[in-house]
Each structure stands twice: as structure tokens, then as C-alpha cells.
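Hydrogens, waters and symmetry mates are skipped; everything else that's a heavy atom, side chains included, is used. All residue numbers refer to positions in the sequence shown, counting from 1. Read the numbers this way: they start at 1 and go in the same order the structure lists the ligands and their atoms.
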Amino acid sequence: MNSAAPPSKDLAAVKGTKDILPGEVEVWQRVEAEAKRLFELYGFRELRAPVIEPTELYLKGTGETTDIVTKEMYTFTDKSGRSITLRPEYTPSVARAIVEHRLDLLGTPMRYYYIGPMFRYDKPQKGRYRQFHQIDIEVFGEKDPAVDAEIVEMADSLLRRLGVRGTETLVNSVGCRACRPAYGRDLKARAEAVRDRLCEDCRRKVEANPLRIFDCKVEGCRAEARNFPKITDYLCEECRDHFARFRGCLDLLGVAHRPEPNLVRGLDYYTKTIFEIVAGEGGQQNAVLGGGRYDDMMKDLGGPDICGTGFAMGLERLIALLDVKPEPRKFVYLIHVGEEAKTRAAVAARDLRAAGMEALLEFGVRNFKSQFARANKLGAGWALIIGEDEIRGGLYKVKDMATGDQKDVRPEGVVEFLRPRLEG
Ligand code: HAM
């Protein structure tokens with residue numbers, strides 16, 4: 001254990017953020033690699049947008065009455081006086097990039113993915129951070145409900161590849177601009193009738209956007225919301241048909257799911273399909289992933305009338321569900337005693353690395369015994385020993401750390417000797 005004092009409070013990591021250290025980072029790398037590999041199989045390509053965006057992008061894209069925009073954004077004025085926001089979500093950035101670069105004119109499939117940090121000034125707790133990471137995917141220009149089902153199947157497939165069990169897929173439809181107004185009126189009337197029983201925040205939502213009452217985490221408000229009218233009873237024919245066909249495709253693809261009429265998602269832009277994949281028991285359920293269709297966002301941002309659908313998965317929440325131990329690394333530890341041996345070890349390490357093998361050499365540990373103990377402690381697969389005797393005799397010693405077997409190998413034969421043994 002390190003006995004050094006922890007940094008003073010002022011220098012510790014910002015509340016709601018955390019370091020991902022070696023030992024844990026390997027699990028992240030594995031998940032990221034698996035996700036990228038899978039998404040590319042579905043024709044997705046990576047699109048990297050900046051971490052900072054103009055604040056208006058979220059006012060127009062995410063929606064002015066959402067919790068994200070009203071309470072959670074990291075917004076600041078930069079030196080030019082422009083209002084800038086650390087992205088709280090990725091979807092508006094992709095829509096902006098398409099409009100800005102007219103990616104819709106390229107003729108390539110508009111299927112994009114991205115993995116990276118998002119920022120929300122929320123109350124930190126288990127599974128909720130202020131800097132967290134999302135795996136985000138978006139598809140543009142595909143109206144068919146089959147594509148909504150395809151991305152849910154892709155999410156499901158990723159979870160299964162990673163060995164995640166016990167999740168549930170919830171689906172709903174939030175209708176469109178044609179069917180939502182009538183629902184909004186009835187919902188508002190109902191919310192007004194129980195206004196006194198709602199929290200202060202939700203009382204404000206009754207006027208601004210009563211749908212957002214469903215997002216409230218206060219149990220009293222949740223109980224009231226359970227008796228509110230259901231959006232699915234108000235869907236127009238087109239939305240009803242879209243939802244039925246979406247569910248039919250999920251069945252065909254073998255994706256188990258449950259319609260959840262109280263699911264609304266905390267964002268304003270959704271139209272028609274929405275879904276979440278949740279994990280955990282009863283009231284403690286946490287969304288690992290959420291998404292849906294947003295057919296109006298692009299034109300609301302002043303771009304062409306192109307529909308979109310997608311989802312984002314929370315990496316911290318996903319990784320908390322995994323039961324994986326990082327694979328032990330196979331590497332060579334170079335033991336060197338004396339000045340000439342040190343330079344020879346540096347050359348040997350360079351050659352091993354050039355041949356694709358991990359080689360570790362340390363300079364602070366002096367004698368043979370302590371270097372050997374380090375090799376053992378760090379879990380080296382092999383040790384390469386270069387001392388005065390080895391230099392004089394023209395043969396280095398190569399030791400299998402698991403069996404203790406030792407061989408003399410010519411310096412120029414080390415790479416050839418170790419390569420098959422480290423790969424195997
Ligand atoms: P969201 O539901 O706000 O949707 O976030 C998606 C996922 O990100 C959540 O299900 C959760 O796993 C994770 N997440 C959100 N906030 C936090 C937090 N504070 N700490 C840890 N994890 C968190 C969106 O962001 C939409 N952009 C998804 C989407 C893409 N819709 C269409 N395309």
C-alpha cells in the first residue's frame with residue numbers, strides 16, 4: 001500500500017468523475033473493441049465530434065424543457081463571449097455534423113457510432129456520474145420500423161456477446177406531432193387535477209411539458225404518473241402501425257421485449273419508437289441503454305428533413321454488469337546486471353517489441369535477485385537474463401517463469417525463441 005497522503009480536497013478528482021486505472025481499463029478496452037467490431041458488421045462507421053458544442057445545439061436539439069437542458073448542462077462563456085456546453089449527449093452532435101458536412105449527399109449509409117465521455121451536472125450516485133461514457137449509435141434517413149428493430153437487436157447482441165444476463169428490453173411509442181397534441185391536452189388536464197400532490201419541479205412541468213413528469217424520480221410523482229393517460233391510447237394510425245411493425249420485427253429477430261406504456265424517456269425529440277434496456281430488480285432498475293426515433297430533429301436544427309433513430313449505452317453501467325477478469329498479460333522481463341548489460345537489454349527489448357512482444361525493463365532495480373523478484377511479482381511469462389557471464393559467453397539465459405526451465409540462447413536468436421512461446 002502506498003502510505004502517501006491523499007491529495008488535498010482541492011486537488012482530488014472532481015465530484016462525479018473518476019479515474020479508470022490499469023486493471024480496470026482492460027475491461028473497458030475489451031468492451032469498446034467488441035462494440036466497434038459488432039457495429040462495423042452492421043455497416044456503422046465511427047464519427048468523432050468535439051466535446052464542446054454551441055449551447056443552442058442542445059436548446060434546439062435536446063429540448064428546452066428537458067432536465068438535461070434546464071438543470072444538468074456544463075455551460076460556460078468562452079473568451080469570445082460565446083455560450084459553449086460540454087456535450088451532455090451525442091445525438092445532436094451527429095445531426096449537426098451531417099448538416100454541416102452535408103453527409104446526406106455522399107450517398108453512403110448514414111450509420112454512425114461513437115464512444116466517448118458525456119457530461120451532466122446530476123446528483124452523483126451509484127451508476128450516475130457527472131462525467132460518464134456512452135457508446136452511441138445513430139442511423140439517419142431510414143423511416144422503416146425494421147431499422148428501429150435492427151438497432152435494438154444489435155444492442156441485444158452486444159450485451160449477449162459480453163455475457164450480460166438478466167436485462168429487460170422495454171419498448172413504447174411516443175407518437176408524432178400529429179397525435180401528441182391531443183394526448184398533451186388530456187395529460188395536462190389530468191396533471192393539473194393532481195397538481196397539489198406533485199413536487200415543486202413537477203408543478204412547473206404541468207405548464208411547460210407535462211410529459212416530463214414521467215421522468216421524475218420522486219416516488220409520490222411516480223405514483224401519480226402511473227394513473228395518467230397512456231400515450232399508446234392516442235396514437236394516430238401511422239404511429240400505431242409503426243409500433244406494431246417494430247414489435248413484429250423484434251419478434252422475427254428473436255428479441256424478447258415488453259411494452260411499457262409509462263416509458264417516455266427524458267428527451268423531447270423522440271417520435272414514434274422509444275426503448276430502454278434495464279437491469280436490476282424492481283424499483284432499483286437502471287437503464288443500461290436508451291434510445292428511439294427522432295424524425296424531426298434534423299429539420300428543427302435547420303437542416304434537411306431527414307429522420308433519425310439510435311441509442312446510447314452507458315459504459316459505467318454496462319461494465320458494472322460484467323463479470324470479467326482481464327486476461328493476464330504475456331510479457332518478457334529483462335534482467336540486466338552491469339552497464340554493458342543494461343544497453344544490451346535495451347537493444348534486446350527494442351527487438352522484442354519490434355517483433356510484437358511486450359518487453360519490460362526497469363532501471364531502478366539494481367541486483368539480479370531483486371530484478372528476478374520483480375519479474376515474479378509482476379507475473380512475467382519469461383525472463384531474459386543478461387549479466388557479465390552471459391555477455392562473456394555470448395549466450396543469454398531465457399527462463400520460463402511458470403516452470404522454471406532455463407535455456408541458453410544466442411542474442412540474435414532470442415526473438416525467434418520467444419515468439420512462439422509468448423504467442424502460445
Ligand atoms: P439517455 O437515456 O439520456 O439517452 O442516456 C443513455 C444512457 O446513458 C443511459 O441509459 C445510461 O446508461 C447512460 N447515462 C445517462 N446519464 C448518465 C449518468 N449521469 N451517469 C452514468 N450513465 C449515464 C441519450 O443520451 C440519447 N442521446 C440516446 C439516443 C441516441 N437516442 C437516440 N439516439
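Annotation for Lys123: atom NZ does not count as buried by contact number, only 12 or fewer foreign heavy atoms lying within 6.0 Å.
Centroid-to-centroid, the aromatic rings of Phe39 and Tyr113 come within less than 6.0 Å.
A salt bridge does not link Arg240 to Glu238: none of the charged side-chain nitrogens sits closer than 4.0 Å to a carboxylate oxygen. The pair Asp296-Lys299 meets the salt-bridge criterion, since a charged nitrogen lies less than 4.0 angstrom from a carboxylate oxygen.
Between Phe246 and His257, the ring-plane angle classifies as tilted under the 30° and 60° cut-offs.
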Let me have the donor-acceptor pairs involving side chains of residues 302-316, under 3.5 Å, with sequence neighbours excluded, atom names and distances please.
| unit_1 | atom_1 | unit_2 | atom_2 | d |
| --- | --- | --- | --- | --- |
| Thr309 | OG1 | Asp148 | OD1 | 3.0 |
| Glu316 | OE1 | His133 | N | 3.0 |
| Glu316 | OE2 | His133 | N | 3.3 |
| Glu316 | OE2 | His133 | ND1 | 2.8 |

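Protein residues having at least one heavy atom under 4.0 Å from any atom of ligand 1 are Glu89, Thr91, Arg120, Gly127, Arg128, Tyr129, Phe132, Gln134, Asp136, Glu138, Arg265, Leu267, Tyr269, Tyr270, Ala287, Val288, Leu289, Gly290, Gly291, Gly292, Tyr294, Gly310, Phe311, Ala312, Gly314, Arg317, listed by chain and number.
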